[in-house]
Amino acid sequence: MKTAVESVADFARRRRHGLILGALMALAATAYSTLSLVKFATFKASVFDLVIFDQAVRGYARFGPPAVPSVGMSYGMGMDFLQLGDHFSPILAVLAPLYWLYDDPRTLLVAQAVLLALAAIPIRRYAERRLGAVPAHLVAAAYLVSWPVAQAAGFDFHEAAFVPLLSAIMIERFDAGRPAWGVVAAAGLLLVKEDMGLLVAGFGVYLFLTRRRLEGAAFVFFSLGALVMIRGVLMPMAGSPPAGFHWAYGAWGTSLGEVVLAVARDPARALWQMVSPEVKVDTLAFLLWPVLLTALASPLTLVAVPLVVERFLSDRPQWWGADFQYNAFVVAILFCAGADGVHRLRGRLAARRGRLAGEEATGRPEAGRTDTERPEAGRSEAGSPEEGTSSGNRSVDGPVNRRVRWDPVPHWAVAILVVGLTLVPKFALGNLVESSFYEGEPHVAAAREAVAAVPDGVVVEAVNSVGPALTARTTVLLWGPQSHNAPWVVADVARWSYPFGDFDSQRRRVDEALVNGYRKVYDRDGYIVLNRPS
């Protein structure tokens, strides 16, 4: 039983560690928010996707359906099209109360920054049980500066913001022997996006292989059943076609079942497609390098495999690389797996030290016994370090162990933080140290004037980069090759803009609008505001 002095000391230690982690998360959330808010202010955000999520959350905030006219009109589905038919993300409703405080898309950007930073809490707890307090802080810091998180924070708002936190809670709570909250987190993941059943099924496989067969089988069957129900029933009820609007597996089949059968018939082709073209190999390397490949030593990495396979088997090049938000779906998993992997490596080293000590003491080898059969190589059910190596500094007594006391954990923890910091300039967070990032392009002033020329409460077709500045006070549709006959249009004829196939078509769209009765209200630096008199 602990004495009063020991209890006070434990409380002080926990408080100190909590303050350190809180400071790290606050700093990271501030950096993420600054990154996304500056991009918003300098017209580097976009209708697809920030306006989409803004319209959905605003619908929930007004106690209505999550209608996304920006998507509905682009798909030819009308102004009342529901976000749930585009991507199944009912979890967005939890952000609705924030819009009661500040009804603006920037609210989503700050919320995303906080959600991404909060994942450091369960990641640190998971790592601390294996590596000790100080290395766990370094793991949390390495996660906070990691490039997948930076890329997510730097590209609008996406449902991926929920996944690092929920996936880390799921992993950490099961590891702590308290699965109830882990089940809640898994259920939350199924509400993030239609394909999150793959992630939860991967966790079920992990549980099954680590001798928690009943829980593992339940996770696999329930999550795959939820995946089929969401894609086959709920999303079509919300207006999605049977294969969804984002089906990207035409080379494999027209449905999920056809893809599974095609891969089973030709696994060699599937394996080759996982590494071709080379950008996929680069992405895998970038995912594993921040944890120095130690995730490969942990079965926990299996949790991330289904989502990576889903991306790499697709025919969408934007899903293969390190850009955008897609890698944030697996980043927390890989950091937990990296901590578990180095923990297992330390266990093997401890087992080897123990065997060498036994051989020296007896004068002969311990024949027929492998490292993994020794008690020191195992891991406790709750995930604590091996007996005799809880802090990575103690080892079995003996002359051999006094000579071989190297512990990989502190070196690994420092190294992954250094690696994370060295990658910062290559990805989105590196923008924060560039003065030009805050100044924006010369045409920003004209963009602001174009936004000011559009009155409140109207429907406006806006060029992709301008729509986010209008969505809080107008109904924004994406300006594209097909006219939606909105009374107001904000066009850009000086810079290429999504979704146009070529630059000249943007000029033709403006010319067509003028022929069809629109008049110019504003024209500067390529930005043209058009209005059709009623």
Side-chain angles (χ1 to χ4, degrees), residues 119 122-123 126-127 129-130 139 143 146 148 160 163-164 166-176 179 182-183 185-186 189-190 192-193 195-227 256 259-260 263-264 267 270-271 273-275 280-281 283-314 326-345 347-348 372 378-379 381-383:
I123 290 173
Y126 180 88
R129 278 195 293 275
R130 282 159 172 72
V139 173
Y143 159 79
S146 64
V163 178
L166 290 174
S167 60
I169 290 174
M170 178 179 68
I171 292 167
E172 189 274 332
R173 287 293 83 191
F174 268 89
D175 183 71
V183 172
L189 284 168
L190 296 177
V192 170
K193 197 179 177 187
D195 59 354
M196 287 296 99
L198 296 174
L199 187 155
V200 179
F203 186 68
V205 172
Y206 162 75
L207 291 176
F208 191 88
L209 294 178
T210 52
R211 301 182 182 180
R212 289 165 283 189
R213 292 186 174 86
L214 181 60
E215 299 99 316
F219 261 69
V220 171
F221 287 119
F222 179 77
S223 60
L224 292 181
L227 176 66
L256 183 60
V259 172
V260 172
V263 171
L271 288 174
Q273 190 167 336
M274 288 294 296
V275 295
K280 298 177 183 178
V281 178
T283 299
L284 288 175
F286 272 123
L287 284 171
L288 294 171
W289 179 239
V291 292
L292 299 181
L293 309 184
T294 56
L296 296 176
S298 170
L300 193 58
T301 301
L302 292 171
V303 182
V305 168
L307 289 184
V308 175
V309 171
E310 177 196 29
R311 289 170 56 196
F312 285 7
L313 289 184
S314 76
Y326 303 112
N327 296 288
F329 287 101
V330 299
V331 62
I333 299 166
L334 294 177
F335 270 93
C336 289
D340 184 50
V342 75
H343 164 77
R344 291 169 181 268
L345 174 61
R348 294 187 183 99
T372 56
R379 178 168 64 85
E381 191 68 26

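Excluded from the calculations below are hydrogen atoms, water molecules and symmetry mates; all remaining heavy atoms, backbone and side chain alike, are included. Computed from a predicted model, the values in this text were never measured in an experiment.
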Taking all non-hydrogen atoms of both residues into account, name the closest pair between Ala186 and Phe219 and its distance. CB-CE2, 3.6 Å
Which heavy atom of Tyr143 sits nearest to which heavy atom of Pro164, and what is that distance? OH-CB, 3.4 Å
Please check if the distance between the ring centroids of Phe174 and Tyr206 is under 6.0 Å. no
Show me, pair by pair, the donor-acceptor contacts under 3.5 angstrom made by side chains of residues 295-304, not counting sequence neighbours?
unit_1, atom_1, unit_2, atom_2, d
Ser298, OG, Leu300, N, 3.1
Ser298, OG, Asp340, OD2, 2.6
Thr301, OG1, Ala295, O, 2.4
Thr301, OG1, Ser298, O, 3.4

Rounded to the nearest 0.5 angstrom, the CG-CG distance for Leu287 and Leu293 is 11.5 Å
Are Val305 and Val309 close enough, and set up right, to give a side-chain contact (heavy atoms from CB on, under 4.5 Å), and what steps lead you there? CA-CA 6 Å; Val305 168; Val309 171; 3.9 Å; yes
Ignoring hydrogens, what is the shortest heavy-atom contact between Ala264 and Pro267? Give both atom names and the distance. O-CD, 3.5 Å
Which distance, rounded to the nearest 0.5 Å, do you find between the CG of Leu307 and the NZ of Lys193? 9.0 Å
Residues forming a side chain to side chain contact (heavy atoms under 4.5 Å, CB included) with Val275, sequence neighbours excluded: Trp272, Val281
Does Arg130 form a side-chain contact (heavy atoms from CB on, under 4.5 Å) with Val139? I'd like the steps, not just the answer. CA-CA 11 Å; Arg130 282 159 172 72; Val139 173; over 6 Å; no
Does the side chain of Thr294 reach to within under 4.5 Å of the side chain of His343, using non-hydrogen atoms? no
Can you give me the closest heavy-atom contact between Lys280 and Phe312, atom names plus distance? NZ-O, 2.6 Å
By side chain to side chain contact (heavy atoms under 4.5 Å, CB included), which residues pair with Val259, not counting sequence neighbours? Trp247, Tyr249, Trp252, Val263
For a 4.5 angstrom cut-off between non-hydrogen side-chain atoms, does Val342 reach Leu292? no
Nearest heavy-atom pair of Ala328 and Pro148: which atoms, and what distance? CB-O, 3.9 Å
I'd like to know whether Asn327 forms a side-chain contact (heavy atoms from CB on, under 4.5 Å) with Arg311, so could you lay out the CA-CA distance, the side-chain angles of the two residues, the decisive distance to 0.1 Å, and finally the verdict. CA-CA 10 Å; Asn327 296 288; Arg311 289 170 56 196; 2.9 Å; yes
Could you list the residues that satisfy side chain to side chain donor-acceptor pair (under 3.5 Å) with Thr283, not counting sequence neighbours? none
Under 3.5 Å: donor-acceptor pair, side chain of Arg129, backbone of Glu172: yes
Closest non-hydrogen atoms of Cys336 and Tyr126, given as atom of the first, atom of the second and distance, are O-CE2, 3.1 Å
Which residues pass the side chain to side chain contact (heavy atoms under 4.5 Å, CB included) test with Phe286, not counting sequence neighbours? Trp147, Leu423, Lys426, Phe427
Side chain to side chain contact (heavy atoms under 4.5 Å, CB included) against Leu256, all qualifying residues, sequence neighbours excluded: Leu227
Once you round to the nearest 0.5 Å, how far does CD1 of Ile333 lie from CD1 of Ile171? 5.0 Å
A side-chain contact here means heavy atoms from C-beta on lying under 4.5 Å apart; do Met196 and Leu166 qualify? no
